[in-house]
Amino acid sequence: MGVVRIATIGSSAIAERFVDAVGQVEGVEYVAAYSRALGRARAFGEPHGASLFFDGLDELAASDVVDAVYIASPNGVHADQASLLAHAGKHVLVEKSFAPTEREARRVFDAAHGGDVVALEAARNLHTQGFATIERTLSRLGAVTQASLRFGKVTSRIARLEAGEYVGQLDPMMGEGALTDIGVYCVEPAVALFGTPDSVSASLVTRHVPWRTTEPLTTMDVAGSIALRYADKVVDLSFSKVGDDLAPSQVIGQRGTLLIPAINCPRDLTLVLHEDVGMAYGTVGGVEEPLASSDPENDMVCEVTTFRDAILGVGDAPARVRHFERVTVESLAIMDEARRQAGVRFPWDE
């Protein structure tokens, strides 16, 4: 087995967590950091063991010491950076959301196919053993008729927004908002588990963008709900950056219900099989069966492992990457439609 030499773009907390995960995975080596300012690249990469530093994307793309790049820049530049690197023969692991729109995502995947490289979204919750347990358990639920996937937490950035500060993570000009930042944790599991819905109905909580007056990029989303309609089921998605959602996610079937405390980090699952007690005035549960999973504390280890295995052609990883490509594209199509219904526009919608 060879060693995949990887560089990073971005210096946020998620990039720090990614580098920590790389250090826990055999066959992957962190070698380089990129930033638009060379000093920032060095300041981030050097303490983590990187020996190469770039402030030019073309130089990074041309480096024969880098095999793959983890992209943790703002959403709005993901597609341009990933496409350039894929065309240059670099494998790319792109932080969620993979791209601002479905069309931009397809552009990246086309570049990856043309360059015969791996392009994968760093949707960490989909690569865990916990999510694999959800996939395996669906058959025990019988015919699934409903699911509710939810994730909401108050972010400190909302206080900054209310204080009149610029908040890039909510700027539609950069392809940002609650849906692409936090709602994606609900949309992608729904697509991964149930496929493409027949219809999408969205209600988003929106606010005026205080730092911009030019239409149509003056509306941001901060929370919302999306109903996905299938021929035989309804899947409700709920997300928020302005409230703490304390209810568990669940998948409901005729034979049982699967409880998921946190869909963004699926672990400590509980299966409750239906118990027929005859006439009852209320909901009837059953025997609770805990479903354990053995995910590491830093669950980004799971996505790094999938990425490495796909690059090296190990096991079923290449097939799983093709599956996740479909999940990424179809999830972005849902998010595009949800934003359209709510009047939240990105520059790439024009």
| said: On the six-membered ring of Phe239, is Arg150 placed so that its NZ or CZ lies under 6.0 angstrom from the centre and within 45° of the ring axis? | reply: no
| said: Is a donor from one side chain sitting under 3.5 angstrom from an acceptor on the other, for Thr8 and Tyr30? | reply: yes
| task | Anything under 30° is parallel, anything over 60° is perpendicular, the rest tilted; go ahead and classify Phe346 against Trp348. | result | perpendicular
| What heavy-atom pair brings Ala41 and Phe53 nearest, and what distance separates the two atoms? | O-CD2, 3.6 Å
| query | Are Thr305 and Arg308 close enough that a side-chain donor and a side-chain acceptor fall under 3.5 Å? | reply | no
| field | CG/Asp116: more than 12 non-hydrogen atoms of other groups inside 6.0 Å | value | no
| query | Is it true that Val22 and Val66 fall in one hydrophobic cluster, defined by side-chain heavy atoms closer than 4.5 Å? | reply | no
| message | Any non-hydrogen side-chain atom of Asp245 less than 4.5 Å from a side-chain atom of Phe151? | response | no
| task | Mind checking the CG-OH spacing from Leu237 to Tyr185? Nearest 0.5 Å is all I need. | result | 15.5 Å
| Going by atom types alone, do Gln129 and Ser294 pair a side-chain donor with an acceptor below 3.5 Å? | no
| query | Linking I/L/V/M/F/W/Y whenever their side-chain heavy atoms sit closer than 4.5 Å, directly or via other members, would Phe54 and Ile6 fall into one cluster? | reply | no
| Taking the side chain from Asn75 and the backbone from Gly175, do they hold a donor-acceptor pair closer than 3.5 Å? | yes
| field | Any donor-acceptor N/O pair, Asn125 side chain to Ile263 backbone, under 3.5 Å | value | yes
| query | Are Val69 and His91 side-chain neighbours, meaning at least one heavy-atom pair lies under 4.5 Å? | reply | no
| field | His87 side chain vs Ala111 backbone, donor-acceptor pair below 3.5 Å | value | no
| query | Quick one: does Lys90's side chain have a donor or acceptor within less than 3.5 Å of a partner on Ser63's backbone? | reply | yes
| field | Residue pair Gly168 / Met174: nearest heavy atoms and the distance that separates them | value | O-CB, 4.5 Å
| task | Take Val3 and Val28, measure what side-chain contact (heavy atoms from CB on, under 4.5 Å) needs, and give me the verdict at the end. | result | CA-CA 5 Å; Val3 174; Val28 183; over 6 Å; no
| request: Rounded to the nearest 0.5 Å, what's the gap from CG on Leu149 to OG on Ser238? Could you check? | output: 10.0 Å
| said: For a quick check under 3.5 Å, do Thr145 and Gln254 share a side-chain donor-acceptor pair by atom type? | reply: no
Side chains of residues 190-201: which donor-acceptor partners sit under 3.5 Å, not counting sequence neighbours?
residue: Thr196; atom: OG1; partner: Glu330; partner atom: OE1; Å: 2.4
residue: Thr196; atom: OG1; partner: Glu330; partner atom: OE2; Å: 3.2
residue: Asp198; atom: OD2; partner: Ala231; partner atom: N; Å: 3.0

| message | With side-chain contact (heavy atoms from CB on, under 4.5 Å) as the criterion, how do Glu337 and Ile334 come out once you've worked through the C-alpha distance, each side chain's angles and the decisive distance to 0.1 Å? | response | CA-CA 5 Å; Glu337 175 60 17; Ile334 290 170; 5.9 Å; no
| task | Show your reasoning for whether side-chain contact (heavy atoms from CB on, under 4.5 Å) applies to Glu29 and Val4. | result | CA-CA 6 Å; Glu29 181 183 2; Val4 177; over 6 Å; no
| message | Walk me through whether Leu60 and Ile9 qualify under side-chain contact (heavy atoms from CB on, under 4.5 Å). | response | CA-CA 10 Å; Leu60 172 59; Ile9 294 178; 4.2 Å; yes
| message | Evaluate Arg5 against Asp67 for salt bridge (charged side-chain N to carboxylate O under 4.0 Å, His left out), listing each step before the verdict. | response | CA-CA 5 Å; Arg5 301 165 299 177; Asp67 304 308; 2.9 Å; yes
| task | Would you give the length of the straight line joining atom CD of Gln250 to atom CG of Asp236, rounded to the nearest 0.5 angstrom? | result | 10.0 Å
| Are the side chains of Arg340 and Asp336 in touch, meaning some heavy atoms are under 4.5 Å apart? | no
| field | Counterpart residues, side chain to side chain donor-acceptor pair (under 3.5 Å), relative to Arg140 (two or more places apart) | value | Glu289
| Heavy-atom pair of closest approach, residues Ser73 and His78 | O-NE2, 2.6 Å
| Do Val117 and Val94 share a hydrophobic cluster (ILVMFWY, side-chain heavy atoms under 4.5 Å, transitive)? | no
| At what distance, to the nearest 0.5 angstrom, does CE of Met300 lie from CD of Glu16? | 11.5 Å
| said: Counting C-beta onward and ignoring hydrogens, is there a side-chain heavy-atom pair between Ser293 and Thr128 closer than 4.5 Å? | reply: no
| query | At their closest point, which heavy atom of Gln341 faces which heavy atom of Ala202, and how far apart are they? | reply | OE1-N, 2.8 Å
| task | Specify the closest pair of heavy atoms between Ala317 and Ala310, including all atoms of both residues, with the distance to one decimal. | result | CB-N, 3.5 Å
| message | Below 30° counts as parallel, above 60° as perpendicular, anything between as tilted: where do the rings of Tyr70 and Phe18 land? | response | parallel
| query | OG1/Thr257 to CG/Leu271 distance, rounded to the nearest 0.5 angstrom? | reply | 8.5 Å
| query | Knowing that exactly one of Arg157, Lys96, Gln169 qualifies, which makes a side-chain hydrogen bond (donor to acceptor under 3.5 Å, both in side chains) with Asp181? | reply | Lys96
| task | Compare all side-chain heavy atoms of Thr306 with those of Leu120 and state whether any distance is below 4.5 angstrom. | result | yes
| query | Side chain of Ser35, backbone of Leu38: donor and acceptor closer than 3.5 Å? | reply | no
| task | Decide yes or no on salt bridge (charged side-chain N to carboxylate O under 4.0 Å, His left out) for Arg107 and Glu102, but give the supporting numbers first. | result | CA-CA 9 Å; Arg107 179 162 68 91; Glu102 175 197 4; over 6 Å; no
| query | Are any of the side-chain heavy atoms of Asp268 and Pro290 separated by less than 4.5 Å? | reply | no
| said: Taking CD in Glu215 as the centre, count heavy atoms belonging to other residues, nucleotides or ligands within less than 6.0 Å. Is the count above 12? | reply: yes
| field | Thr270 and Glu288: CA distance, side-chain angles, deciding distance, side chain to side chain donor-acceptor pair (under 3.5 Å) verdict | value | CA-CA 6 Å; Thr270 302; Glu288 295 187 358; 5.3 Å; no
| request: State whether the side chain of Ser97 and the backbone N or O of Pro100 hold a donor-acceptor pair below 3.5 Å, judged by distance alone. | output: no
| said: Could you go through Phe307 and His127, starting from their C-alpha distance and side-chain angles, then the distance that decides it, and tell me whether this counts as ring-ring contact (aromatic ring centres under 6.0 Å, His included)? | reply: CA-CA 10 Å; Phe307 187 52; His127 298 279; 9.7 Å; no
| Transitively linked via ILVMFWY side-chain contacts under 4.5 Å: Leu312 with Val25? | yes
| task | For Arg212 and Thr218, work out which heavy atoms get closest and say how close. | result | O-CG2, 3.6 Å
| field | Joint cluster assignment, Ile71 & Phe98, ILVMFWY side-chain distance < 4.5 Å | value | yes
| message | Treating Asp295 as the side-chain partner and Gly130 as the backbone partner, does any N or O pair qualify as donor plus acceptor under 3.5 Å? | response | yes
| message | Can you tell whether the side chains of Arg124 and Asp299 come within less than 4.0 Å, N to carboxylate O? | response | yes
| message | With a sphere of 6.0 Å drawn around CZ of Arg160, does it hold more than 12 non-hydrogen atoms of other residues, nucleotides or ligands? | response | yes
| If only atom types and distance count, is the side chain of Asp171 paired as donor or acceptor with the main-chain N or O of Glu176 below 3.5 Å? | no
| Taking the side chain from Arg339 and the backbone from Val344, do they hold a donor-acceptor pair closer than 3.5 Å? | yes
| query | Got a donor-acceptor contact below 3.5 angstrom from the Asn298 side chain to the Arg17 backbone? | reply | yes
